There are 2 protein chains.
Amino acid sequence: MDKPATIRDVARVSGVSVGTVSRSLNAPETVRPATLAKVRAAIQSLGFQPDSRAQNMRRRNTMTVGFVIDDIANPWHASCFKAVDAEMRQRGYSLYLMSTQGRASEEAAAIDMLQHGRADGMIMTINNEQDPRTIKRLKELRIPSVLLDRDIPLEIDAVLTEHATGLRQATSYLLELGHRRIAIITAGSDIRPGRERVRGFVEAFQRAGLPVPEDLIRSQSLSVDFGFREATALLQMPQRPTAIIAAGNRILVGVLRAIQQQGVSVPGDISLIGCDRSDVALLYPGPITLIDRPVEEIGRTAAQLLLERLGGQADRPAQRIAFPTHLILGGSCLPVPKP
Amino acid sequence: MDKPATIRDVARVSGVSVGTVSRSLNAPETVRPATLAKVRAAIQSLGFQPDSRAQNMRRRNTMTVGFVIDDIANPWHASCFKAVDAEMRQRGYSLYLMSTQGRASEEAAAIDMLQHGRADGMIMTINNEQDPRTIKRLKELRIPSVLLDRDIPLEIDAVLTEHATGLRQATSYLLELGHRRIAIITAGSDIRPGRERVRGFVEAFQRAGLPVPEDLIRSQSLSVDFGFREATALLQMPQRPTAIIAAGNRILVGVLRAIQQQGVSVPGDISLIGCDRSDVALLYPGPITLIDRPVEEIGRTAAQLLLERLGGQADRPAQRIAFPTHLILGGSCLPVPKP
DNA sequence: ATTGATAATAGAAACGTTTCCAGAATAATC
DNA sequence: GATTATTCTGGAAACGTTTCTATTATCAAT
């Protein structure tokens, strides 16, 4: 009774065949104006809208793309999602958001699901570049995909950040301010950002001909908790660092929590450099000195790479595009007082 | 050549009919163990996975739900999404995230799209309870939906927050501290949170038998910009308020920006109450006194209401469930010094 | 008017699955 | 071992669209 009208109903009401109705919708220029008018009138009066399930089935696509990340509460990911969404929506695509909470099993499940007719493509930041379950799936990928800030030796498009350069700049800046006991808290070497950031950090010391403070490198995870734990430990060291680089936007939150809890003041007691613009980073008493990256551009680029593949260029060679970071000076760093 | 295997291929390889393969997948207890084994072997060797497009078509569902909000960069929405996602994923559903950026046209387009075979249900926070385009669509809703924190005189499930009580508590708290010139910045009366918050604010003064400071009520939008603009104006008033309630988590960010820009100190120069836990609210030099609400519970409840309808109870009467707020005392309020 | 060329339409097949029904195989009962 | 009851299975229809092929309608030119 109340069932939605189908293309058959439209055909019946307007007295044409279903094929013609379909062409009226998808290629109106190939149907006679008089017929088109009749069809359109019928569509109007029935309130017909094509059922996308049937379209997906027949066209063998879904106009849907999966966006797979560990946590949408990470404001950087949210911004990136928005950029991707804006670009994809313009072209008629909708996005599945899959927040895996960092669990490899969820990640694998998400990829599996998306691959089998739920999405036409994927954009993702996987959690561990070595996880065999994920790797296996990426090897036998059936839909075009783009990796965000991850580096895997496979033919997959990727959009990256030049973290090493960013960290080198930030570290050099602190060295110039006279800091020597500089700590870095960042991801582990299982993902590119962790490896690259530590590399840049180390390079800065080497170029300055200074010894690398190995005891102050904390490279393991991007989580708030890790940031909090390590910052707490660092602040309680007998010979406390004079500066901390919170290399990861969630880490920064953890570090600030530790700083708040210990009653340390920034930049009076310790200098601080964070990552990525965020409410917290921009507001914290004063704005924090930041290693920023162009999130909108990164998202847009990822979307464009994917759209290229979806739009026919299915088998051009994989591209890797890297974006530079920018050091934004805030008020969270001071020169080390000469003793 | 490389085409994904279909259920037909499985049937051929295992020497049974397609019907049996289908039942092996969906009701394995109805197929003889020996047959089941053959089928499973074939599935394994072919790497077969059912094509969800075809399943959607045939089953007339999509195991997908739309989550429609204005901006996923709002951390409250992100947390809510996560809660909804966790609950829905358990039951096999995936979520479309549609970030409408507050544009009514995008909102209408999103609802239209979801209704016609792209999703089985919707959870949404619409932008304006009076917008005719949106209302029209909600009236002729074809899929079960749940409204988040919005109030529309239609038979639609809704999960609400008791904003009025929250604001009354917060305002009373400030009144007890001796504040009289208290400002409130919040949404306009076109959405429930705006109406209710102002109502609670006014009630607090009335119950205390005090005149309502009409000139300090700024009720128009939940945006960061509005918060910034109004806070800036308030701080520059000749007779500046002694307390501000930033009734909206984005508004709070705007207010903090204004406070930072004007070099005002909290709580020394002015007392401040915010809304919703967020990194900023918890970290800002000290934690800010907050009107909090149980976001996980709200999201979970919304998901459950939707799941009930999706699971058969399609036409029980619409439910409206409201959650209380809690005033979390931080360090951003001080008593007014006796003159 | 007739023809030929072109444009428009009807009709059916196809997409890959689920589900229904009838019929075949198996198990249970005597 | 025959008969009945029960469990499994094969085959086909159906879901709503798009797209292909064949046919019909239209138009221009003679």
Side-chain angles (χ1 to χ4, degrees), chain A residues 2-40 42-43 46-64 92 113 115-120 142-143, chain B residues 2-40 42-43 46-64 92 113 115-120 142-143:
Chain A
D2 233 343
K3 281 205 189 111
T6 74
I7 206 173
R8 280 213 149 62
D9 300 320
V10 177
R12 192 170 31 70
V13 169
S14 53
V16 303
S17 73
V18 293
T20 301
V21 176
S22 177
R23 284 181 11 266
S24 301
L25 292 164
N26 302 308
E29 69 282 3
T30 72
V31 21
R32 209 149 46 107
T35 316
L36 193 56
K38 278 193 297 183
V39 173
R40 293 211 164 131
I43 288 177
L46 291 169
F48 167 81
Q49 286 238 195
D51 181 309
S52 10
R53 285 172 297 233
Q55 290 181 318
N56 294 344
M57 165 85 199
R58 177 61 224 218
R59 293 179 169 158
R60 320 216 47 64
N61 70 9
T62 58
M63 295 309 275
T64 292
M113 158 163 279
Q115 293 224 17
H116 294 95
R118 293 196 89 90
D120 301 341
R142 307 204 312 190
I143 55 177
Chain B
D2 234 344
K3 279 203 191 114
T6 75
I7 205 174
R8 281 216 147 64
D9 299 322
V10 177
R12 192 169 31 72
V13 169
S14 53
V16 303
S17 74
V18 293
T20 301
V21 177
S22 177
R23 288 191 355 275
S24 302
L25 293 164
N26 302 307
E29 69 282 4
T30 72
V31 20
R32 205 148 49 105
T35 316
L36 193 55
K38 277 193 298 180
V39 173
R40 292 210 163 134
I43 288 178
L46 290 170
F48 167 81
Q49 287 239 193
D51 180 309
S52 10
R53 284 171 298 231
Q55 290 181 317
N56 295 344
M57 164 87 199
R58 178 60 225 219
R59 293 177 168 160
R60 321 219 43 66
N61 71 9
T62 58
M63 295 309 275
T64 292
M113 158 163 279
Q115 294 226 23
H116 294 95
R118 293 196 89 90
D120 301 341
R142 310 203 312 193
I143 53 176

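Computed from a prediction, not measured in an experiment: that's the story for all the values here.
Note that the two end axes of the helix from dA1(C)-dT30(D) to dC30(C)-dG1(D) enclose an angle of 40°, each drawn from 5 base pairs, rounded to 10 degrees.
Using a 4.5 Å heavy-atom cutoff, the side chains of Phe48(B) and Val13(B) are not in contact. Side-chain contact between Asp51(A) and Thr6(A): absent, with no pair of heavy atoms (C-beta onward) separated by less than 4.5 Å. Residues Arg59(B) and Asn26(B) form a side-chain contact, since some pair of their non-hydrogen atoms from C-beta on lies under 4.5 Å apart. Side chains of Ser22(A) and Ile7(A) form a contact here, defined as non-hydrogen atoms less than 4.5 Å apart. When side chains are defined from C-beta on, Ser52(B) does not count as touching Met63(B), because their heavy atoms never get closer than 4.5 Å.
When every heavy atom of Lys38(B) is checked against every heavy atom of Val16(B), the shortest pair comes out as NZ-CG1, 4.3 Å. In plain terms, the two heavy atoms of Ala54(A) and Met57(B) that are nearest each other are CA-SD, 3.4 Å.
Between the NZ atom of Lys38(B) and the C1' atom of dT9(D) there is a distance of 10 Å, given to the nearest Å. Here dG16(D) presents its P atom at 14 Å from CG of Leu46(A), a figure rounded to the nearest Å. Distance Asp9(A) CG to dG16(D) P: 9 Å, rounded to the nearest Å. For the pair Arg12(A) CZ and dG11(C) P, the computed distance is 15 Å after rounding to whole Å. A straight line from CZ of Arg8(A) to C1' of dA10(C) spans 12 Å, rounded to a whole angstrom. Distance CZ (Arg23(A)) to P (dT17(D)): 16 Å, rounded to an integer number of Å. The distance between atom CG of Leu36(B) and atom P of dT7(D), rounded to the nearest whole Å, is 17 Å. Whole-Å rounding puts the Asn26(B) CG to dG16(C) P distance at 17 Å.
Of the side-chain N and O atoms in Thr20(A), none sit less than 4.0 angstrom from OP1 or OP2 of dT9(C).
Checked against dA8(C), dA10(C), dT9(D), the side chain of Arg32(A) finds its nearest nucleotide in dA8(C). Listed candidates were dT18(C), dT17(D), dT9(C). Nearest to the side chain of Phe48(A) is dT17(D).
Taking the nucleotide of DNA chain C with the nearest heavy atom to each of Thr35(A) and Val18(A), the more 5' of the two is matched to Thr35(A).
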- Task: Could you give me the CA-CA distance, side-chain angles and deciding distance for Asn56(A) and Thr62(B), then say whether side chain to side chain contact (heavy atoms under 4.5 Å, CB included) is met?
- Result: CA-CA 11 Å; Asn56(A) 294 344; Thr62(B) 58; over 6 Å; no
- Item | Evaluation steps, side chain to side chain contact (heavy atoms under 4.5 Å, CB included), between Thr64(B) and Thr64(A) | CA-CA 12 Å; Thr64(B) 292; Thr64(A) 292; over 6 Å; no
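Of the residues in residues 50-63 of chain A, those with a non-hydrogen atom less than 4.0 angstrom from any atom of DNA chain C are Met57(A), Arg58(A), Arg60(A).
As judged by a 4.0 angstrom heavy-atom cut-off over every strand, Ser22(B) is placed among the base-contacting residues.
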